[in-house]
Student: 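Starting off with a structure, shown below.
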Amino acid sequence: MTRRSINQSACLLVAVLALGLPLVMRSATYLHILILLYFYAYLTTSWNLVGGFAGVLPLGHAAFVGIGAYTSTILYLQYGVSPWLGMLVGGILATLVGILIGLPTFKMRGAYFALATIAFAEGIRVMIENIDRLGPFVINGPRGLQIPPLKLGLSNFMFAVKEPYYYIILIMLAAVLLLTYCISRSKLGYYLNAGGEEPEAAMALGVNVARAKLIAMAMSSFLTALAGTFYAQFTLYIHPKSVVSLDLSFEIAFIALIGGRGSIAGPVLGALLLRPVSDFSRIYFGDTVPGLHLIIFGVVLILVMLYQPRGLQEPLTRLYNRLVDRLAGTEGGEASA
Amino acid sequence: MDKNRQRHILECLAAACMIVALNFAFGHPAGAADKVVKVGNIIPLSGPSASVGQQGKNARDMAVEEINAAGGIESLGGAKIEMLYADSESKPEKGVAEAERLINTEKVNVLTGCWNSAVTYPVTAVAERYGIPFIVPVSVADKITEQGFKNVFRIAAKDSWWTRDQFAFLKDMQAEFGGDVKRLAFVYENGDWGKGFAEQWKKLAQEGGYEVVLDEPYPSTATDLSPVVQKIRRANPDVLLLVSNAADAILLTNTLAEYQVNLKAIIGSGGGHADPSFLQATGENSRYLFDIVEWETDINKPGAKEANEKYKAKYGQNLTGEAVDAYLAMYVLKDALERAGSLDPGKIREALAATRLDSGPGMIVGYDSVEFDESGQNKNASLVIVQVNDLGSGFERITVWPKGARRAGYTPVFPVPQK
């Protein structure tokens, strides 16, 4: 067997596993956990376009989730617009907002950029919490919006069972991973990488770093907003604390940092390792210690940063490569990875 | 990276996989041999509404104990009702998460809850999505049964029915005792609550052909309400309708007496007028005042006294409106289960929709039967109106309306004799 065929069959195996899982796993609770796992993997992969490749640390992505969720929900509730269409509108709106934030803040460095994005996202949350009506749009303040599950079906993006949600988010995740893969091999990917690591050097070479970052930000906010609509349709009930909270922004960043930012597999691995921690701590410790999972994340994050600063994807990728080598029978070593 | 660390990571992963696998294998015990009806109850057991949530739990437990002791659900071979409680902490998102868990993990057949309208509202959508019947003993927001859902069943009267019943009472009183009422005065605290009531009063007054001679909001923190009382006197209404909090209810009642304002009736809207301190602080001045409430312990219904005594002996408190609705909800459920003869949520829903319960231990409410309309609202639900009077043992609240629930031997004083 060649390395190529091993890689292909590994991909195929993962695909078959992911596609077939709901057929064997009938528990709605576990399916729910898995859907949220993919949801976070998707969010983190979208975040990764800016937070990973562009080398900055945005901590306000919940704002885009909120924009997506609220836009499609308001359009559906008040104007009967299909959430699929609302999803696109939300995405476009988030893109504009993302560019607006990106223009001034990308000039900032390090912690200042992170703080600016936190401030922005919190601003949006406080606004939503305090506004009942914005022009003709009913926002309902802290009480949030409810989507009545009366017209179930694909066209309304609403289902009584979890399986359709599972496949939708799986497809979304696969698509965003493919997109990331293409970008990482494109000129834009190299520009972002160069601009993230050595902006002065990159600019000296004639790379328009600011423009590359803005494009990444636009794509990232668009994709993140799509997930917002997905979340709204999945839970059918959104309120500022669920879709625009700081916790959500942090969790995305945690998953990326622990999994390995700037890599394609990192966000998925991060979500795969961390989401169960969060779900099981919620199930078993309940709300006696609210936010316990974030503390656990914090500890894990410190350990990972100390011992694996490039995230857990690095040792895992190495492990995988060695496995492939052994199977292929060529002790090629790690250089060929 | 050294091999040891890799091994370690692998071991950790393997352990994690094992845990997940074990969960899959043992997470769901096969259907228990004995038939039980699993009822999921989402109520506030901690947080700001904990005390009212605890009353709801006590009343449910009492009813379920009685039902199970009497042989469970006959049509299901004596199946017992099993109660599962989940704490909403009065938080909507907690209520939704618990509803998901109760339905998907615990596989409950029926849901009940959630007292706080803000929690009940999103939970209706969860129940609707999974087709699980959801009995709402008491959550007053109108919108709960106005979403076109098929799986929500509310037992208590909704918000807008408080004002409806105040006007129905007024009409019934005139029919029974005469006393031509034409001129109404509305005086209310200027918050959401008072303004909401006043809005509906205006509509009802127009429909009933009354003349509104005064429409006066006041700040409930006021320390002197004599200007308001002067306005009432000048407007010379037949009947005064009030929405007041505790301190202002007392102040208004005492000031009205001080100025000797002659009225055919004063009707309160619960709140401050139902506060235990009200009777003590107003005494003689509150004589003949009417007030609207959900339930009163002296209600003249078979079994009410006994149920209240049993409850008091068990939990050290009198039954409240909330507790009675929760108690009744369990008997409504029992009745539906008997007719459904199945644990299938769809069949239970059908049976609930066809409910016509007019007897049994649960029927200790002021009205005569439970029937749900298309929206799932108990269309017969009504509130209770009491009159304050002294029958020799100090001032007390005496149930006068609906007539079927009136305290035996008491004749309401209407119109109130002029001073």
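Because only heavy atoms are used, hydrogens play no part in the values below, and waters and symmetry mates are left out as well, while side chains stay in.
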Student: Walk me through it: do B:Asn104 and A:Lys162 pass the test side chain to side chain contact (heavy atoms under 4.5 Å, CB included)?
Tutor: CA-CA 11 Å; B:Asn104 289 324; A:Lys162 311 253 183 214; 3.7 Å; yes

Student: Tell me, please, which residues at least two apart from B:Asn190 pass side-chain hydrogen bond (donor to acceptor under 3.5 Å, both in side chains).
Tutor: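 For B:Asn190 there are no side-chain hydrogen bond (donor to acceptor under 3.5 Å, both in side chains) partners, ignoring immediate neighbours.
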
Student: Taking atom NZ of B:Lys347 as the centre, report whether more than 12 heavy atoms of other residues, nucleotides or ligands fall under 6.0 Å from it.
Tutor: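 It does not: B:Lys347 NZ has 12 such atoms or fewer within range.
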
Student: Can you tell me if B:Lys150 has over 12 outside heavy atoms packed within less than 6.0 Å of its NZ?
Tutor: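 No, not enclosed.
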
Student: Enumerate by number any residue of residues 125-138 of chain B whose heavy atoms lie under 4.5 Å from heavy atoms of chain A; in the absence of such residues, state 'none'.
Tutor: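 At a heavy-atom separation under 4.5 Å, chain A is reached by B:Ala125, B:Glu128, B:Arg129, B:Tyr130.
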
Student: Any pair with a residue in residues 133-148 of chain B that passes side chain to side chain donor-acceptor pair (under 3.5 Å), sequence neighbours left out, goes on the list, sorted by first then second residue, please.
Tutor: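 For residues 133-148 of chain B: A:Gln146-B:Gln147, B:Thr120-B:Ser139, B:Thr124-B:Gln147, B:Asp142-B:Ser160, B:Thr145-B:Arg154, B:Glu146-B:Lys158.
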
Student: Which residues pass the side chain to side chain contact (heavy atoms under 4.5 Å, CB included) test with A:Ser72, not counting sequence neighbours?
Tutor: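 Partners of A:Ser72 by the side chain to side chain contact (heavy atoms under 4.5 Å, CB included) criterion, ordered by chain and then number, come out as A:Thr229.
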
Student: Mind checking the NZ-NZ spacing from B:Lys91 to A:Lys241? Nearest 0.5 Å is all I need.
Tutor: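 So the NZ of B:Lys91 and the NZ of A:Lys241 are separated by 7.5 Å.
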
Student: Would you indicate whether B:Arg101, at its atom CZ, is surrounded by more than 12 heavy atoms from other residues, nucleotides or ligands within a distance under 6.0 Å?
Tutor: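 Enclosed: over 12 neighbouring heavy atoms sit under 6.0 Å from CZ of B:Arg101.
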
Student: For B:Glu199, does the CD atom have more than 12 heavy-atom neighbours from other residues, nucleotides or ligands under 6.0 Å away?
Tutor: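 Result for CD/B:Glu199: open.
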
Student: Going from CD on B:Glu93 to OG on A:Ser245, what distance comes out if it is rounded to the nearest 0.5 angstrom?
Tutor: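 The distance works out to 10.0 Å.
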
